[in-house]
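What follows is a short report on a single structure.
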Amino acid sequence: MPARPSAALALAAPPAGRSPTRELLLAPTVEVARSLLGSWLLRRVGSQLYGARIVEVEAYLGVEDPAAHSFAGRRTARVEPMYAAGGHLYVFLVYGMHCCANVVTREEGRPEAVLLRAAEPPRADADAKLLSGPGKLCRALAIARGHSGLDLLTDRRLGLVLDPVAPEAVGISRRIGIDYAGDAAAWPLRFYVRGSRALSGPRALRE
DNA sequence: CACATGATCGCCT
DNA sequence: GGCGATCATGTGG
């Protein structure tokens with residue numbers, strides 16, 4: 001696991017745009033998911049700033065969502081950050097080797113989150129597929145389990161800057177990789193920026 | 001391009 | 001003990 005983010009993600013200066021408010025991140029999870037499309041995920045290591053623009057996310061609706069780690073109120077040390085207030089980060093390990101990062105939503109005690117599935121590098125000449133998948137996104141930005149539970153609104157290492165996309169540019173589909181969750185796998189909770197070259201998943205889910 | 005498979009280990013039952 | 005909110009690589013069309 002790389003200690004530093006990919007050099008291709010280095011930023012000379014912070015991107016334009018405003019930081020999200022706590023209120024925005026306490027909103028219904030689907031609303032937050034759409035708000036995060038286009039947003040910059042910023043990563044700071046030492047004095048160097050890195051970042052990428054989020055183009056694909058999935059909503060996980062907590063205790064009533066069979067695909068969510070917090071389904072039926074499950075509350076363990078791993079999932080605990082999902083119970084924090086909106087704006088915190090939840091990172092977990094899947095398949096023994098990849099991390100996935102989520103932005104927690106809703107008020108404290110209500111464990112919902114938005115999975116960050118793909119992002120675009122800041123420059124057009126970079127590999128568009130560098131962060132095309134939740135595991136690749138974490139690897140490219142050097143996000144690890146040790147970051148789980150941090151507050152994106154106050155932490156120096158990770159943060160967000162809003163840069164909304166037009167509603168008509170947003171595509172919607174079923175979620176990926178959760179077929180074990182039965183009917184919930186078909187719920188339209190994946191949101192993506194149409195036409196982005198950084199999208200993950202099969203072609204049929206990119207429109 | 002579509003599909004199949006192996007890697008690898010923390011987490012929960 | 002079983003199984004993932006995945007990825008890279010391999011095969012075949």
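A, B, ... follow the sequence lines: proteins, then strands. Residue 1 opens every chain.
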Let me check something: do A:Leu150 and A:Val32 share a hydrophobic cluster, defined by ILVMFWY side-chain heavy atoms less than 4.5 Å apart, either directly or through other members? yes
Rounded to whole angstrom units, what separation is found between the [atom1] atom of [X] and the [atom2] atom of [N]?
{"X": "A:Arg75", "N": "B:dC12", "atom1": "CZ", "atom2": "C1'", "result": "17 Å"}
{"X": "A:Phe71", "N": "B:dT13", "atom1": "CZ", "atom2": "C1'", "result": "16 Å"}
{"X": "A:Asp179", "N": "B:dA4", "atom1": "CG", "atom2": "P", "result": "12 Å"}

Would you say A:Asp183 and A:Pro66 make side-chain contact, with heavy atoms under 4.5 Å?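 Side-chain contact under 4.5 Å: no.
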Does any N or O in the side chain of [X] come within less than 3.5 Å of the main-chain N or O of [Y], such that one atom is a donor and the other an acceptor?
{"X": "A:Arg117", "Y": "A:Ser200", "value": "no"}
{"X": "A:Arg139", "Y": "A:His98", "value": "no"}
{"X": "A:Asn102", "Y": "A:Val104", "value": "no"}

Under a 4.0 Å heavy-atom criterion, the protein footprint on nucleotides 3-13 of chain C, written with B, S and -, is -BBBSS-----
Name of the residue among A:Leu205, A:Val193, A:Val55 meeting side-chain contact (heavy atoms from CB on, under 4.5 Å) with A:Leu199: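 Looking at A:Leu205, A:Val193, A:Val55, the match for A:Leu199 under the side-chain contact (heavy atoms from CB on, under 4.5 Å) is A:Val55.
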In the strands shown, is C:dG4 matched to any nucleotide by a Watson-Crick or G-U wobble pair with both distances under 3.5 Å, and which?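 Base-paired to B:dC9.
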